[in-house]
Amino acid sequence: MKLYNTLSGDVVSFDSTLEPISMYVCGVTPYSSSHVGHAMSYVYFDTLRRFLEFSGFTVQHVQNFTDIDDKLIAAANDEGTSVKEIAERRIAEYFDVMDRLNIARANYYPRATEEIPAIIEMISGLIEKEYAYDSGGDVYYRVRNFSNYGRLGKRTLEGMNAGARIDPGINKEHPMDFVLWKEAKPGEPSWESPWGNGRPGWHIECSAMSLKYLGSKIDIHGGGQDLIFPHHENEIAQSEAFSGESPFVRCWMHNGLLEIHESKMSKSLGNLVTVEEALKFSNPDTIRLFFLSSHYRSPLAYSNEGILAQDRALDRIKGALNLRNADDLNSVFDGSEYFLRFCQAMQEDLNTPKALGIMFDLVREINKSRDENHSINKGQEHLKKMTEIFGLTLEDESKNVSGLTEPLVELLLEIRKEMRVNKNFSMADHIRDSLTEIGFILEDNESGTDWRLKSS
RNA sequence: GGCGACGUAGCCAAGUGGUUAAGGCGGAGGUCUGCAAAACCUCUAUUCAGGAGUUCGAAUCUCCUCGUCGCCUCCA
């Protein structure tokens, strides 16, 4: 398995790894609903995990919730409620939609507010080693003391100085120094610390939690490309300065960002589609397929048209999977070579678009083999394994209709069958056309008539 | 302004030095069907933003131009 490492700009091999693979994926700040950009990122890392586990690796997967920050405090003030209440509600919502997208749960979901002692311990250690300093209740990280600062984001302190603004009221030694601990303002949630009441700054929670749950050196650390700088840059600075070990992360993985209306989808820009809305428009498998049809490191533009195209593609996969073998079989179509090629594509830095192309080659071969009366069960098994690695649920939403609908449709089909036997085709076609009009697709074949709901 | 990524058919998207440039959606024609649908078959990029160069050979490497996006402030 080879994965692209943002830090080195080349590829890391996991083939000889025998120990469990530690994977830390940056989670959300739960101040508002998750959008499809989040979903895309977590679908990619979920697919990576599925493939690693399929390949025989054990994966320790940790994902955080940063459940204390300025925006949560602002949201709580707006709603007249507490930070905790909002965080709890949004985290529950997060799990609901991500579960529906068939994203496997991580082994641990640590929360910043529950890891304050670990955070304080880390900040204290950084102060002791002179990588941080207390400045009137706030604690800052001293970037000049960390020689590799800027390596991940491919920038230098000098280069950044130009555009940086120094907050006049704040006693930073260097404009790029960032806050580890923020002094509490009146009315804000706060915790006791050696530097007075306050709360952790953004960045430190991830360093503290990855150290606590996965150790000082981890295999994979992931997130969106917008986290490269400053978030992950700062994590490296904190973690390596604290532990004295390097590299903190063997492979930094960053997914391209989801775009909408020619710019990235983002909570702060307000140009977003929530996961909830996307699930209302389409279904989990289609949404996963939409993401996986583009390589994880490329940007992807979200559109309803794009989703609908994948919806029809999904029907092809399901169709091949649901085919029944013919009765008299003359030979066996195996399809194992397609599965091998699929895995090879996945091993090339998780090349899901290439793997998907191979999946469709297999779909065609299964259909063709069925037409030619070859046994297709083996081929279908290989296709099924591919869909499992892609995390498709293959749930048949077609039959997910209210109580009376199914027997009524079955009754109509029975009547229509009689008509067809009696060559009353105009009436039979009328039933079919009318059902199609209200969303039921009918397919006549040798064994009778199949029906399903039009998706989306 | 600094740094980074990218620009492949009507749309989406692989391919990153060498046989006919994957695959999906859409479109055209055909086979099958009572007719459809589904499936299958054929066709749908002499060409990879534009230009110059390196090479026996480039979509793939180098330089320049144009365009798009991201980061430099909160962000998956």
Side-chain angles (χ1 to χ4, degrees), chain A residues 6 9 25-29 31 34-45 63 66 69-71 74 150 153-156 158-165 176 202 222-231 233 254-259 262-269 272 289-290 293-295 297-301 303 305-317 319-320 322-323 341 345 348 351-372 420 423-426 428-429 432-433 436 441-446 449-452:
Chain A
T6 307
V25 180
C26 275
V28 295
T29 301
Y31 72 90
S34 295
H35 58 68
V36 277
H38 299 125
M40 180 171 88
S41 184
Y42 299 126
V43 164
Y44 289 144
F45 286 106
Q63 186 174 314
T66 299
D69 93 316
D70 292 348
K71 288 194 170 144
K154 297 187 171 60
R155 58 198 78 194
T156 60
E158 297 69 44
M160 287 183 290
N161 259 338
R165 287 175 312 177
M176 292 313 295
W202 187 43
Q225 282 172 352
D226 52 353
L227 295 182
I228 294 173
F229 195 94
H231 185 56
E233 190 75 58
H254 293 100
N255 61 274
L257 302 178
L258 191 64
E259 295 171 3
E262 275 92 53
S263 67
K264 73 162 176 169
M265 188 173 293
S266 130
K267 288 194 207 176
S268 48
L269 293 175
L272 51 79
L289 218 47
F290 175 71
S293 70
S294 165
H295 185 78
R297 286 197 280 123
S298 304
L300 177 62
S303 72
E305 295 70 33
I307 295 279
L308 288 175
Q310 293 306 323
D311 201 43
R312 299 188 196 99
L314 175 66
D315 280 342
R316 267 174 72 74
I317 297 171
N322 292 333
L323 284 177
R341 285 170 54 215
E348 294 167 19
N351 195 335
T352 56
K354 191 175 184 179
L356 188 59
I358 295 161
M359 202 191 288
F360 282 111
D361 287 339
L362 176 57
V363 164
R364 190 186 310 103
E365 286 308 314
I366 289 172
N367 286 329
K368 203 197 289 190
S369 299
R370 173 60 182 78
D371 285 350
E372 294 165 358
R420 292 180 68 213
K423 310 261 188 232
N424 185 357
F425 293 122
S426 65
D429 289 352
R432 183 176 64 200
D433 294 345
T436 301
I441 295 171
L442 269 55
E443 285 175 21
D444 297 327
N445 55 48
E446 70 256 42
T449 300
D450 290 334
W451 67 275
R452 60 196 162 88

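Every value quoted in this text rests on a predicted model; they were computed, and no experiment measured them. Convention: sequence-line order gives letters A, B, ...; per-chain numbering from 1.
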Run the side-chain donor-acceptor check on residues 355-369 of chain A: report pairs under 3.5 Å with partners two or more places apart or on a different chain.
residue: A:Asn367; atom: ND2; partner: A:Val363; partner atom: O; Å: 3.3
residue: A:Ser369; atom: OG; partner: A:Glu365; partner atom: O; Å: 2.7

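- A search for salt bridge (Lys or Arg N to Asp or Glu O under 4.0 Å) contacts involving A:Lys71 returns nothing, not counting sequence neighbours.
- Comparing B:C3 with B:G10, their C1' atoms sit 36 Å apart, to the nearest whole Å.
- Residue contacts shown for A:Ser34 are absent, as no nucleic acid heavy atom lies under 4.0 Å away.
- Taking 4.0 angstrom as the limit, A:Asn351 places none of its side-chain polar atoms (N or O) nearer than this to OP1 or OP2 of B:A14.
- The nucleotide whose nearest atom lies closest to any side-chain atom of A:Glu443 is, among B:A39, B:C41, B:A37, B:A37.
- Side-chain proximity of A:Arg420 to the nucleotides B:C35, B:A76, B:A14 is greatest for B:C35.
- Between A:Arg370 atom CZ and B:C40 atom P the separation is 13 Å, expressed in whole Å.
- Rounded to a whole angstrom, the distance from the P atom of B:C12 to that of B:G17 is 26 Å.
- Paired runs in RNA chain B that reach 3 or more consecutive Watson-Crick or G-U pairs, where each pair keeps both distances under 3.5 Å, cover B:1-7 with B:66-72, B:10-12 with B:23-25, B:26-31 with B:39-44, B:49-53 with B:61-65.
- Listed here is the closest heavy atom pair of A:Ser294 and A:Pro299: OG-O, 4.2 Å.
- When heavy atoms are screened at a 4.0 angstrom cut-off, A:Gly37 is found touching base atoms of the nucleic acid.
- At whole-Å resolution of the value, OH in A:Tyr31 and P in B:C74 are 12 Å apart.
- The nearest whole Å value for the distance from the CG atom in A:Leu257 to the C1' atom in B:C74 is 14 Å.
- OP1 and OP2 of B:C74 both lie 4.0 Å or more from every side-chain N or O belonging to A:Thr66.
- A salt bridge does not link A:Arg155 with A:Glu233: none of the charged nitrogens is closer than 4.0 Å to a carboxylate oxygen.
- Taking the C1' atoms as reference points, B:U20 lies 13 Å from B:A45, given to the whole Å.
- Closest-nucleotide positions on RNA chain B for A:Glu365 and A:Phe229 were compared, and the one nearer the 5' end corresponds to A:Glu365.
- For A:Arg420, the salt bridge (Lys or Arg N to Asp or Glu O under 4.0 Å) partners are A:Asp444, not counting sequence neighbours.
- For A:Asn445 and B:A37, the CG to P distance is 15 Å, given to the nearest whole Å.
- Among the protein residues, A:Asn367 comes within range of the sugar-phosphate backbone only, with heavy atoms under 4.0 Å from sugar or phosphate atoms but none that close to a base.
- Taking atom C1' on both nucleotides, B:A58 is separated from B:G15 by 13 Å, rounded to a whole Å.
- The separation of B:G24 from B:C61, taken at their C1' atoms, amounts to 31 Å, rounded to a whole angstrom.
- Within 4.0 Å (heavy atoms only), A:Gly27 reaches sugar-phosphate atoms of the nucleic acid but no base atom.
- Residue A:Trp451 forms a side chain to side chain contact (heavy atoms under 4.5 Å, CB included) with just one option from A:Thr436, A:Leu442, A:Ile441, and that option is A:Leu442.
- Between B:U46 and B:A59, the distance separating the two P atoms is 13 Å to the nearest Å.
- Relative to the side chain of A:Ile441, the nucleotides B:A14, B:A37, B:A36 differ in distance, and B:A37 lies closest.
- Among the nucleotides B:C40, B:C72, B:A76, the one closest to any side-chain atom of A:Asp371 is B:C40.
- Picking from B:A76, B:G34, B:A13 the nucleotide with the shortest atom distance to the side chain of A:Leu227 gives B:A76.
- Atom CG in A:Leu362 sits about 15 Å away from atom C1' in B:A39, given to the nearest Å.
- Within 4.0 Å of A:Leu323, counting heavy atoms only, lies no atom of the nucleic acid at all.
- Between A:Leu258 and A:Ile228, the residue anchored nearer the 5' end of RNA chain B, judged by the nucleotide with its closest heavy atom, is A:Ile228.
- Partners of A:Thr29 under the side-chain contact (heavy atoms from CB on, under 4.5 Å) rule, at least two apart in sequence or in another chain, are A:Tyr31, A:Thr66, A:Asp69, A:Leu72.
- For A:Phe45, the ring pair (Phe, Tyr, Trp, His ring centres under 6.0 Å) criterion is met by no residue, not counting sequence neighbours.
- In the set B:C35, B:C71, B:A76, B:A76 carries the atom at the smallest distance from any side-chain atom of A:Met40.
- Rounding to the nearest 0.5 Å gives a distance of 11.5 Å between OG of A:Ser266 and CG of A:Leu258.
- For the pair A:Leu289 and A:Ile317, the minimum side-chain heavy-atom distance is below 4.5 Å.
- Residues satisfying the side-chain contact (heavy atoms from CB on, under 4.5 Å) criterion with A:Arg312, sequence neighbours excluded, are A:Leu308.
- Note on A:Lys264: a side-chain N or O is less than 4.0 Å away from OP1 or OP2 of B:C71.
- With sequence neighbours excluded, no residue satisfies ring pair (Phe, Tyr, Trp, His ring centres under 6.0 Å) with A:Tyr44.
- Within 4.0 Å of A:Phe290, counting heavy atoms only, lies no atom of the nucleic acid at all.
- Between A:Arg432 atom CZ and B:U33 atom P there is a gap of 15 Å when expressed in whole angstrom units.
- The base of B:C74 lies close enough to the side chain of A:Lys71 for a donor and an acceptor atom to sit less than 3.5 Å apart.
- A:Leu289 comes within 4.0 angstrom of no nucleic acid atom, judged by non-hydrogen atoms across all strands.
- Listed nucleotides B:G34, B:C72, B:A76 differ in distance to A:Ser41; the shortest reach to its side chain belongs to B:A76.
- When the salt bridge (Lys or Arg N to Asp or Glu O under 4.0 Å) test is applied to A:Glu372, no partner is found at least two apart in sequence or on another chain.
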Letter per nucleotide, 5' to 3', of nucleotides 22-29 of chain B [B base touched, S only sugar-phosphate touched, - untouched; heavy atoms, 4.0 Å]: BSSSS---
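- When the C1' atom is used for both B:C41 and B:G34, the distance is 23 Å, rounded to whole Å.
- Nucleic acid contact class of A:Met359 (heavy atoms, under 4.0 Å, all strands): none.
- Proximity of a side-chain donor or acceptor of A:Ser41 to a complementary backbone N or O of A:His38 within less than 3.5 Å is not detected.
- Look at the P atom in both B:U8 and B:A49: the space between them is 7 Å, to the nearest Å.
- Residue contacts shown for A:His231 are absent, as no nucleic acid heavy atom lies under 4.0 Å away.
- Not counting sequence neighbours, the partners of A:Asp429 by the salt bridge (Lys or Arg N to Asp or Glu O under 4.0 Å) test are A:Arg432.
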Protein and nucleotides 3-7 of chain B: nitrogen or oxygen contacts under 3.5 angstrom:
residue: B:C3; atom: O2'; partner: A:Lys154; partner atom: O; Å: 2.8

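- Backbone-only engagement by A:Ser263 is indicated by non-hydrogen atom pairs under 4.0 Å involving sugar-phosphate atoms exclusively.
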